[in-house]
Structure formats: structure tokens, C-alpha cells
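Residue numbering restarts at 1 for every chain, and letters A, B, ... go by the order of the sequence lines.
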Protein chains: 4
Amino acid sequence: MPPSAAATPPARRRTRARGRESRQKILEAAARVAGERGYDGATIARVSKESGLPASSIYWHFADKDALLAAVVEASFELWLGRVSLAIGATAAEKVRALSESVARAFRESPDFLRLGLMLALERRSDELEARRLYLRLRHEALDRFVGELLDERSMMSVADARRLVTYALAGGEGILLAAAAGDDDVDELFALHATAVLHLADVLESGAAR
Amino acid sequence: MPPSAAATPPARRRTRARGRESRQKILEAAARVAGERGYDGATIARVSKESGLPASSIYWHFADKDALLAAVVEASFELWLGRVSLAIGATAAEKVRALSESVARAFRESPDFLRLGLMLALERRSDELEARRLYLRLRHEALDRFVGELLDERSMMSVADARRLVTYALAGGEGILLAAAAGDDDVDELFALHATAVLHLADVLESGAAR
Amino acid sequence: MPPSAAATPPARRRTRARGRESRQKILEAAARVAGERGYDGATIARVSKESGLPASSIYWHFADKDALLAAVVEASFELWLGRVSLAIGATAAEKVRALSESVARAFRESPDFLRLGLMLALERRSDELEARRLYLRLRHEALDRFVGELLDERSMMSVADARRLVTYALAGGEGILLAAAAGDDDVDELFALHATAVLHLADVLESGAAR
Amino acid sequence: MPPSAAATPPARRRTRARGRESRQKILEAAARVAGERGYDGATIARVSKESGLPASSIYWHFADKDALLAAVVEASFELWLGRVSLAIGATAAEKVRALSESVARAFRESPDFLRLGLMLALERRSDELEARRLYLRLRHEALDRFVGELLDERSMMSVADARRLVTYALAGGEGILLAAAAGDDDVDELFALHATAVLHLADVLESGAAR
DNA sequence: AATGAATGAGGATTCATTCAT
DNA sequence: AATGAATGAATCCTCATTCAT
């Protein structure tokens, strides 16, 4: 049924500006909804209600639902990456510790976006989703960047090992996020354990005795 | 209304038996579909086509979609738990190693069911899903059982620490499953790293220096 | 879904007796349900749940839904008519008064059945309902009987006038039932007014000045 | 997404206007169908076919079936009330007679809408219907208005008596409508009797001898 | 005398999307 | 830069009914 005109029609401003604003509102609403109910659950109607804009307006800003969610993924990922401070430190141990910590922080700060990402990763449908493809690509790129940061100097770890380590560090973080979603609430302790584990693995890998 | 005479009295139990069979077919079809496309993607129409039974027949066996998926979760979980062989071993280290290994095996063998579980865990909708609730409860119970197995003798680990360790072991496994879904394909290596990490954490926790 | 076997399977008794019993239970359940929600709302599933018998058992006792509701109408009408004591009295006035009173009583005592009747009367579907036809026929017959009772002696009223009077008496009662359903709760007062009105009309009609 | 240039600026307000039109068409179709087959019988599919608009369009204009039928009730009631000309007259008798007549006329002219109303009034389901609630409320308001018209000058009747009288007048009309639906076809004569009866009751009530 | 199981048709409602303005 | 209105396909689920046992 017609959405019965919620807010007051705001004084006609710069149309361009309004445009950006609306787009932003839609993106935020979509991020919220998709973070809560996944790709399928993020219906256009729900995004419309949440953003206050009619469904047809969403289609003015985005080609279709897939494009909208891809845009959400892109924007959110950017924000998230920004939050993951670079792993700085003189020794490898320091760098690994810094990496662990920043991952933990980033996970604790953007649970909504990450939940969406994980849901997208789990999807297995035949019609490939652009949003999913993009998430996986960005995740991959982030992983590469972390590897680079870990290695840039004379490290005793091989590239392959560094990649393994970073992959494990990330996967562990995601697993903890999942455990949190499943109700295991001592997330902080889990992250602490994870840090210990990753440090140990770094040690092992560096000393060459790797797996 | 009443027929004039009695019918032929032959071969009893046909419909009864067929009922069980159909129920099973539906359950299997639903498990397959839901493992692939999640709760929302597991439409009744899809399950109907996959199982060969009309949609209305599905409703004879299950109250609604939620009850169907809850039944899937229950049956699959049972199967899965059966696959996780008990963690036997004399020393704590042996038991931890056995635990790691069986978790790894179980994860590699039932990826479909676990994917469904992870998707359910990530859902965050207002209308609570019975299927989700059940999955979380069963996961919790399994965790408890693992803790019990780890502790039953004179262990130097506190109950709390054992729970932490098991939770981390499980979360890590789930994270690796996720990483696999995200395209990191060296799953075996990740599980190897995970085993090393869990063993190390067990050591740390046992020596009392627990965080 | 399968109704999960509610009551204990009662000790196998005379099958014939059980048959009548079941039929009765179904009839009562159907009367209740149909009195509450009308013909369309009286679904076989609802009657099944209310009676405790499976839907297929209902079809063993009744050819189809229409036949079931027709049986309900027949049985209920009989009961109802039994409650309307004959209009006895020496003078016409006394008889009219007796008629009014017994109608009022009967209406107050069988509201469920009467509601069903009124709903059936209001139906206007192309596929004629047997239940509806039967109700209308029985109502007509009851009306005739009342007319007969009013007239059997040397009355000054013409047959046509008596029929008019009885029709009005009945319609008024039905209207009051409706008003009650609509929330006008002083039903007793309305029946009192109605009695006064009918008596007056009897007077008018008898004195020949009838319209 | 944004087209490169502006479109031609001609003839505004077409879709807007069509919207009202469609809504009206749906409302009319629904009134027709519901008047014929009641609430349950008024399926969305039927209304869709009758109105010429697809089912999904009906849901653009109305939240759900209940809201649609409530809108039907509201619109029809308004029309109906408009038809019941005010009860004017110098003496009470004249006013009562005018009331009777206008009620009779209104009943004869809007049988479809009234049948729907009566069916709604008779419903007794657990999930309360908004359409039913609205009908009852409007009927109540109309009753109040009639009472007001009957009383506004120095009348010898108490408010309570006036209310009784009006309630009886209305209930009688409804009963006659029902009798008509049940096949008693001398509706005009019944209304004549009813007028006589109501007039007499007014007399009785005014002379203070009220029951 | 019953009943588990099945089924096609139809129930209300929501979906993503389009189009004229 | 938007948005009211529309729409066909799909959603979940219920319907009356049948049939083998």
C-alpha cells in the first residue's frame, strides 16, 4: 500500500546534494538490513522502509538489488579496512602481535558488515552474485596486503608461510565472530587465545620447522 | 460413507511404511537444498522438486518450513556428532590432538550441514527461527560434551579453561570452513596449523599461566 | 503434519457404537465451528481438530463438506424446534403471546445454530449449497407449522394475515439476534418490545383493518 | 540509474489520477463480490478478476484483505447513510413514520452492502476482523444519530426509550432483510407491518407506560 | 469402522523490477 | 533527482478430497 508520506517534504535544496544524501541513506539502510538478515532477507521493500525512500528511488540510484548490495560491500569494506591499522613493529613478533590486535579490534567494531560478508561467503547459488564476488575479491586483496606488511623486510618466513599465517589469523577471527553469533560470549578471551596461538605459529613457522 | 462390504485384507502397512520413506526423502532433499542456499533459499517449491513430492505433502509431514528445517538440523547434527569420534588418549596432549583431528575430519565430511548451521547462526531476524534456536542449542551441547571428554580424569586444566580451549578449537574449525567457502583452498594446511595452535594453547593453559 | 495421536487409544468397544459416537462428535464439532465462522470458515481441518478425529474419518461418515453441514443443520434444527413449545391458549391473544415467548426463548437458547442459519441464508453463491437449501426449507416448514397453530380454530384472521404475522414475528426475532451479534446487548428488552409489537399487529390484523 | 538528459515535460498527473481511479475500481469490485459471497468468499483473486487489476496491484492500494474490506465497509456505509434522509416532522408520530420509511427505503436500495454488514456482524472468529469492527462502530454511530434526530425537541420519550425504539426499528429492518434473503418475498408488506409496529411502540413508550 | 498419506487447486501475500510522469 | 503505480512470478500455506490399507 502507499507508504502514506512519512516525514515532512524537506525544503527543496541543491538537487545534487539531495541525490548524494539519498544514496547514502539507502546504502546505510541496506547495510543494516543485510547485516541482519543476509542477502535474501535484504528485500528492496525492507530497505525502502528503513531508508524512508520509495522502492523506485532505490532503482534510480542502483541498477538492481545485486548492484546495491555490491555497493554496500564496497563501501563497508573500505570503512573496515581503514580501521585496521597497519601492522607496525620492528621485530616479526611485534608485527604479528600488532596484526592480531588490529584484526581483533576491527572485528569487534564492524560486526554488522562482517556478518554480511560471512553470509555472502557461505552462499552457494548457481547464479553468481556480484555482491559475493566483490566481497571475496576484497577479502583476498586485504589478505594480500596483510601478507605484504608482514614481509616487507628481511623476514625468515617464506611468502607461502606468511600467507598461511595471515589466512589462519583471519579465519580464526571470523570463526570467533561466528562463535559470538552463536552465543559464546567471551569473545575477548577468545581473541586473546587467538593472539597467543598466532604468535606461537609465527614462531614455529619462522624457525623453519613449519608443518 | 460406509461401503457395503469389507475390502480384501492383504498386505498391511504399506501407507505407513511409505510415510516414513517420504518423510526421509523430504528431509534429505531439504538438507541438500538448505546446505546449498541457506534458510531463505530453501524454498518449499525447491524441496518439493528435489524430493519428488508435492508441496502439500511436505506439509503433511512437517508443520511448516521452520519445523522442516529444524528437523533437518536435528537429524544432521546427530549424524555429524556420530562422526566425531571420542577423544581418547592417555595424556592430555593425546586427547587434545585426537579432538583436533576428529573435529577436522568431521568438518571436512559434512560441509553441507555445517554451512547451513553457520548461516543459521549468522541470522539475526526478529521472528526467531526454531531451526536456528535448535542448532545453537545442539552446538552448545556438543561443546559441553567435548569439554567433559577433555576433563574426566585428573587434569591440570580448570573447567573454565577447558571450555575456553574447546570453544576456540570449534570456532577455529568453523573459521576454516568459512575460509574454505571464501576460496582459501588449502584447508588441510589450515587444519594442521589449527592443530598445532590448539595443542600449544592446551600446554599454556595446563601450565597454569593461563591468561 | 500428522496430528501426533492426542488421546489414549480407547479400549476397542462395539465398533457400531463407536461409529455413532464418532459421527456425533463430528456433528457437534462442526456445529460449533460453523456457528462461529460460517460455512466457509468451517473447514474440514478445523472440524477435525475440534472433534479429535482425522479428516479422512469425517469423509467416512459424510459424503462431503456440504453433506456434513446439511446434517448439522438438520440435527440442530430438530433440537431447536423441539425447544419451541407449541403455542397454546384459548384466545388468539394468548396464543400470539405464547408464540412470541417461545420464539424468544428458543432464540436465546440456540444462538450458535441460529447464527449458522442466518449466515447460510445470507450466502449468495452460484453453486447452490445443500446445507443452505435445507435450512431454508426447514425454516419454511417451521413457519408453516406456526401458522397452523395460530389458526386451527375459528380465527378472524385470514391465512395470509396469519402468515404475515408469523413471518414478521420470526424475522423480528432474527433481527434481534443480529442486533445482539452486533453488540446491542439489551436483548431481553428488545424481545419485550417485539412481543408488544406482535400482539398489537395481531390485534390490527384481526380487526380486519389489515393493510 | 540517472539518465543522461531530462525527459519531455508534458501532461503531468496521469499516474496519480489513474491511481485514484484504480483504487475506486478495486473498491467497487470488492463491494460487489463481498456483498455476494461474504468476507471469506471475497477472495483477492475474485476481486482482481472483477476489477481488471492484478492481485499485486490490489496490495499497492490496500495493506491486506482486511484493510480492503474495511475500506469497502467505510465507503458503502457513507453512501448508505447519505441515502437515509433525515427524519423530519413536527409531531413525534410524523418523525417516527419518516424514520421507518427512510429505513425501509435504505434497506431496499442497498441490499448488497447490508448483506455484507450482516455477515460481518455474525462472524465470531478469534482473529478479529478490522472490517467487522468498523461496521459495528459505524452502525452504532448511525444508531446514535437516529436517536438524536428523534429527540432533539421536547419529546415525551426518555433517551433510553428512544434508543430502544430506534434499536428495535433497525433490528426489525435487518430481520426483514434476512427474511428476504431466506426467501420470504413479500418484503414490502413486512416493512408495512414494521412501520405499524414501530409507530405503536412509539405511542406506548411516549405515554410512559413503557415496559 | 477408520485412518495415514497424498495431492492439485487455490488461498493471501511479497518479490524484484519497470515505466510514465 | 525522484516517485506513484503497476505487474508477473514466486512465496508459504490451506483447501477439499481420495485412496490404499
Side-chain angles (χ1 to χ4, degrees), chain A residues 2-3 12 14-23 40 43-46 53-61 63-66, chain B residues 1-3 6-23 40 43-45 53-61 63-66, chain C residues 2-3 12 14-23 40 43-46 48 53-61 63-66, chain D residues 1-3 6-23 40 43-46 53-61 63-66:
Chain A
R12 193 172 296 239
R14 277 282 75 78
T15 344
R16 275 303 151 84
R18 305 276 291 114
R20 281 218 182 292
E21 224 178 89
S22 295
R23 202 189 127 96
D40 284 325
T43 66
I44 296 292
R46 214 115 60 181
L53 273 71
S56 47
S57 292
I58 297 179
Y59 280 89
W60 196 88
H61 289 283
D64 55 21
K65 177 176 163 170
D66 201 18
Chain B
M1 53 276 65
T8 40
R12 279 282 144 82
R13 297 287 98 159
R14 192 50 55 81
T15 45
R16 218 84 135 191
R18 266 181 187 283
R20 280 208 193 300
E21 224 177 88
S22 296
R23 202 191 127 96
D40 284 323
T43 65
I44 295 292
L53 277 87
S56 48
S57 291
I58 297 179
Y59 282 92
W60 200 89
H61 291 282
D64 54 22
K65 179 175 161 172
D66 198 20
Chain C
R12 193 172 295 241
R14 279 281 77 78
T15 343
R16 275 304 153 78
R18 304 277 290 114
R20 279 217 182 294
E21 225 178 87
S22 294
R23 201 189 128 96
D40 285 323
T43 67
I44 297 292
R46 215 114 60 180
S48 158
L53 273 71
S56 47
S57 292
I58 297 177
Y59 280 88
W60 196 89
H61 289 283
D64 56 20
K65 178 176 163 170
D66 201 18
Chain D
M1 64 254 89
T8 39
R12 280 282 145 82
R13 296 290 99 159
R14 192 51 56 80
T15 45
R16 217 86 136 188
R18 265 181 187 281
R20 281 210 190 298
E21 224 177 88
S22 296
R23 201 189 128 97
D40 284 321
T43 67
I44 295 292
R46 217 114 59 179
L53 276 85
S56 48
S57 290
I58 297 180
Y59 282 89
W60 164 250
H61 292 281
D64 54 22
K65 179 175 161 170
D66 198 18

- Message: Give me the atom names and distance for the closest heavy-atom approach of C/Ser48 to C/Ala55.
- Response: OG-N, 3.6 Å
- Measure from NE2 on B/His61 to C1' on E/dG4 and round the result to the nearest Å. 9 Å
- Counting only side-chain N and O atoms of B/Ser22, is one of them less than 4.0 Å from OP1 or OP2 of E/dA5? no
- Item | Closest-nucleotide 5' rank along DNA chain F - winner of D/Pro54 and A/Pro54 | A/Pro54
- Query: What residues, two or more places apart in sequence or in another chain, satisfy salt bridge (charged side-chain N to carboxylate O under 4.0 Å, His left out) together with B/Asp66?
  - Reply: none
- Message: What stems show up for DNA chain F when you take Watson-Crick pairs (N1-N3 plus N6-O4 or O6-N4) and G-U wobbles (N1-O2, O6-N3), both under 3.5 Å, and require three or more consecutive pairs?
- Response: E:2-21 with F:2-21
- Nearest 0.5 Å please: distance from the CZ atom of D/Arg23 over to the CH2 atom of D/Trp60. 12.0 Å
- Task: Answer yes or no: does a side-chain N or O of A/Ser57 lie under 4.0 Å from OP1 or OP2 of F/dT3?
- Result: yes
- Minimal heavy-atom distance between D/His61 and D/Gly19, with the atoms involved, is CE1-O, 3.3 Å
- Query: What is the distance, rounded to the nearest whole Å, between atom CD of C/Glu21 and atom C1' of E/dA2?
  - Reply: 14 Å
- Would you kindly give the CZ-to-P distance between B/Arg20 and E/dA5, to the nearest whole Å? 8 Å
- Considering heavy-atom distances to DNA chain E, does B/Arg23 or C/Leu53 have its closest nucleotide positioned more toward the 5' end? C/Leu53
- For B/Trp60 and E/dG4, what is the distance between atoms CH2 and P respectively, to the nearest whole Å? 6 Å
- What string of B, S and - do you get for nucleotides 11-16 of chain E 5' to 3' if you count protein non-hydrogen atoms under 4.0 Å? SSBBSS
- For D/Tyr59 and D/Ile44, the nearest pair of non-hydrogen atoms, with its separation, is OH-CG1, 3.7 Å
- Message: Nearest 0.5 angstrom please: D/Ile58 CD1 to D/Lys65 NZ, how far?
- Response: 11.0 Å
